[in-house]
Amino acid sequence: MLLTRLQQYAAAHPEHIPPLFHIHSSVHWLIDLDSHGRPATGAAELAPIRDPSDPSGRRGLPMVVPSLGRTSAVVPILACDKIEYALGWPDPKDANDERKRARARRYHQAFVDLVCAWAEHDPHEPAAQALRAFLTSSAVSQIQPPEHFTSGQLVMFRIDGQPAHSTASARAYWSLVASQRKSSGIHDRCLVCGTIQPLLERAPRPVRPGLIPAVGHDPFSKAERKRGNAAPLVCINQPAQGFNLVTGLQHTPLCDTCVESYTGTLEHLLQHRDHRRTIGDTAIIWWIVPTDRASNPAVPQSGAPIRLLFQPDPIKIATMLDAPRAGAPIVAGIAHTERFCATTLSTNSGRIMVRDWIDVPLPEAEQHIVSWFADMLVTDSWTGQRRFPSLFRLALALGRWYPGKNGARSTYAPFGAKGSQRPVWVQRELLHSALNGTRLSSAILAHLLLRVRTDGGFDLTRQALLRLCLTRCHPNQARRLPMALDPGDNTPAYLAGRMFAVLESLQYAATRAGGGQLNTTLGDRYFSRAVTSPASALIPALRGSRAHLKKLQTRDRKAYADFFARNLNDLIGRLRPFPTSLTLYDQGLFLNGYADQRNHDIARARERRLAADDLIPDSPADEPGPEADLDANPDHSTTLED
């Protein structure tokens, strides 16, 4: 289905796909000839051509040129080829190597023979006759090598101002020659287009190197950066890979037109930002395929909390793909009946790995992203605003967290940093879940809990990621967590997290009432232990809470002491017995309860401050709320800018 969808895109957008057995490449050198095959300037010379948009002048002029996958065999390309073929020159560093000079001469003779065959096949084509006349004359040997060149740079021949390889005759003849070279000699039904066609023995050419990242390498790390290899999408060159231990495409019937179409489409999509993003060690590409019932009906979605814009336009599709990355989901629009296709690719040892494949109607893709944002929605208790962390921020939050010291801002280890302890696959896993609406791997939840316990950082981004994991790692994915504190939730892990947050607020309130300053907080001492074994942390913390309550009572803060005492007694009564150990999912519930209680307390204190500033009657004195939390901001609840 992947090959079929790529071929359908090529059929719908022929202007983006080069002709059969042609590619987009850069030509560095030019030989200008007249209609008789004589040098246009009087003396044969190799003139450099450069891309005007390249200030450095290193890149050649981009254009469509003939191409075919080469092996160790002698494979000349018609009318536009490497210097080694077109002129018979080896690299300057190999000029004294007789073996390589002899190889270059063989390559050049094969190039001349191909041009002569073209001229005999089409005797009425002026470009073919002129190029043959030039190559069979002594003018080639009179060309002086330039100062700087490599044997792999492309040379084109221009006849009366027109490149010889771009003529209709050259393209038709090259397609015929290339098809014969790769043909298996069998006519049968193509697996992609479903018609009877001459089948190929092997894939004509791979996808060019550098377009698809190498698997397992962090693109942000300079030490591990590795350029992806050239690789075909379909490759059966080892007996173990083919049916009945047969190599080649004998049991994978593909015609040359379809293979060139899907390969050209793949390269086109991989080179355009409107169709491609790099996610960790993979590249994701997307496109749309029109259906027979393609229309533009406006589909009402008033019940959806988020509406996205989907239109049969690659730029709009790019906006949709960036939504889970950029964290900007609120875009109004309409839905369409076209199909949304996307695939995630990596390279490994000269082969393309298809790591994910999506083929769904656009409305279904929209609903997946709507659910994604709803699952991770959090509220900033300090401002009261709803937050949607981007996929980039979610992946960043899975690395090491460095608390700010001496007024410095807290931050996460950047991508590619040594010791960031962030798996390279997390972005790919998150994007897969966002686009497919599938469950998240429990490995992400485990890694998040490890990072929170290790470095103590638990900001809004990690809270959003925790909500996402608790929703999508649960066996029943339809279960969605409440956005605020749930007073009726009696889950032991959730209650334990709430109790730890209340004890922490009590400690800050007592310290503030006494005018002191904390050297070691409750979180510093017990937080990591409380996540995995609440009983071992809550019991000693409750013993210490007696001194904190007494301090509040002796500092004329009896209302605060009563407030905390009631909350603690209520939680203790509902929690008994204290859980001694928690499963992975329950550890997440503990953190969620802790975050909900903290956010609830901060929001109440913020409301009281606003009420006091506006001279609005306050709440009863016996329910003051934890005012100290507005100024006290422990490390494990630091809020970072998303």
Side-chain angles (χ1 to χ4, degrees), residues 213 215-221 224 278-282 324-325 327 344 346 355-356 372 375-376 378 389-403 410-436 438-475 477 481 493-494 497 523 527-534 581-595 635-638 640 642:
V215 65
H217 293 270
D218 187 350
F220 295 96
S221 174
E224 298 182 359
T278 299
I279 307 294
D281 61 346
T282 62
R325 291 166 52 89
T344 306
S346 297
R355 314 192 76 163
D356 194 11
W372 165 267
D375 289 346
M376 69 170 180
V378 290
S390 66
L391 185 144
F392 179 87
R393 292 291 305 179
L394 293 176
L396 192 69
L398 286 168
R400 291 186 64 182
W401 181 81
Y402 300 111
S410 302
T411 185
Y412 289 108
F415 285 100
K418 186 176 181 180
S420 62
Q421 300 180 5
R422 181 186 298 105
V424 72
W425 48 265
V426 294
Q427 289 191 71
R428 181 178 67 249
E429 176 76 18
L430 291 170
L431 187 65
H432 171 82
S433 180
L435 296 178
N436 290 273
T438 55
R439 294 179 57 188
L440 277 175
S441 169
S442 58
I444 290 186
L445 176 59
H447 187 79
L448 173 64
L449 294 171
L450 174 64
R451 294 266 35 96
V452 172
R453 295 198 312 268
T454 303
D455 54 39
F458 192 48
D459 63 346
L460 272 180
T461 305
R462 283 186 171 177
Q463 291 178 32
L465 184 57
L466 176 66
R467 287 178 55 84
L468 191 66
C469 290
L470 291 179
T471 300
R472 300 207 169 198
C473 293
H474 195 271
Q477 190 171 323
L481 300 178
Y494 185 80
F527 187 70
S528 179
R529 188 197 314 176
V531 174
T532 56
S533 178
S581 63
L582 297 178
T583 64
L584 182 67
Y585 190 82
D586 285 340
Q587 291 176 34
L589 291 179
F590 176 94
L591 282 180
N592 188 53
Y594 171 82
D635 286 346
H636 51 274
S637 61
T638 299
L640 299 179
D642 285 307

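For the single chain, residues carry numbers from 1 onward in sequence order.
Residues S433 and T438 approach most closely at OG-O, 2.8 Å, considering heavy atoms.
Distance alone, capped at 3.5 Å, is enough to place a donor-acceptor pair between the R462 side chain and the G457 backbone. With hydrogens and angles ignored, the 3.5 Å screen pairs no side-chain donor or acceptor of D455 with any backbone N or O of R400. When atom types are taken as modelled, the side chain of T532 and the backbone of R529 share a donor-acceptor pair closer than 3.5 angstrom.
Residues forming a side chain to side chain donor-acceptor pair (under 3.5 Å) with S533 (at least two apart in sequence, or on another chain): S536. Partners of R453 by salt bridge (Lys or Arg N to Asp or Glu O under 4.0 Å), not counting sequence neighbours: none found. The side chain to side chain contact (heavy atoms under 4.5 Å, CB included) test applied to A443 returns W425, S441, not counting sequence neighbours. Under the side chain to side chain donor-acceptor pair (under 3.5 Å) criterion, S346 pairs with R355, sequence neighbours left out. With sequence neighbours excluded, no residue forms a salt bridge (Lys or Arg N to Asp or Glu O under 4.0 Å) with R467. Residues passing the side chain to side chain contact (heavy atoms under 4.5 Å, CB included) test with T583, sequence neighbours excluded: Y585, D586.
For the pairing with R428, the side-chain hydrogen bond (donor to acceptor under 3.5 Å, both in side chains) check across D281, T344, T282, D356 returns one residue only, D281.
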Criterion side chain to side chain contact (heavy atoms under 4.5 Å, CB included) on Y412 and D459, from CA distance to verdict: CA-CA 11 Å; Y412 289 108; D459 63 346; 2.8 Å; yes
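Between F527 and F458, the ring centre distance reaches or exceeds 6.0 Å.
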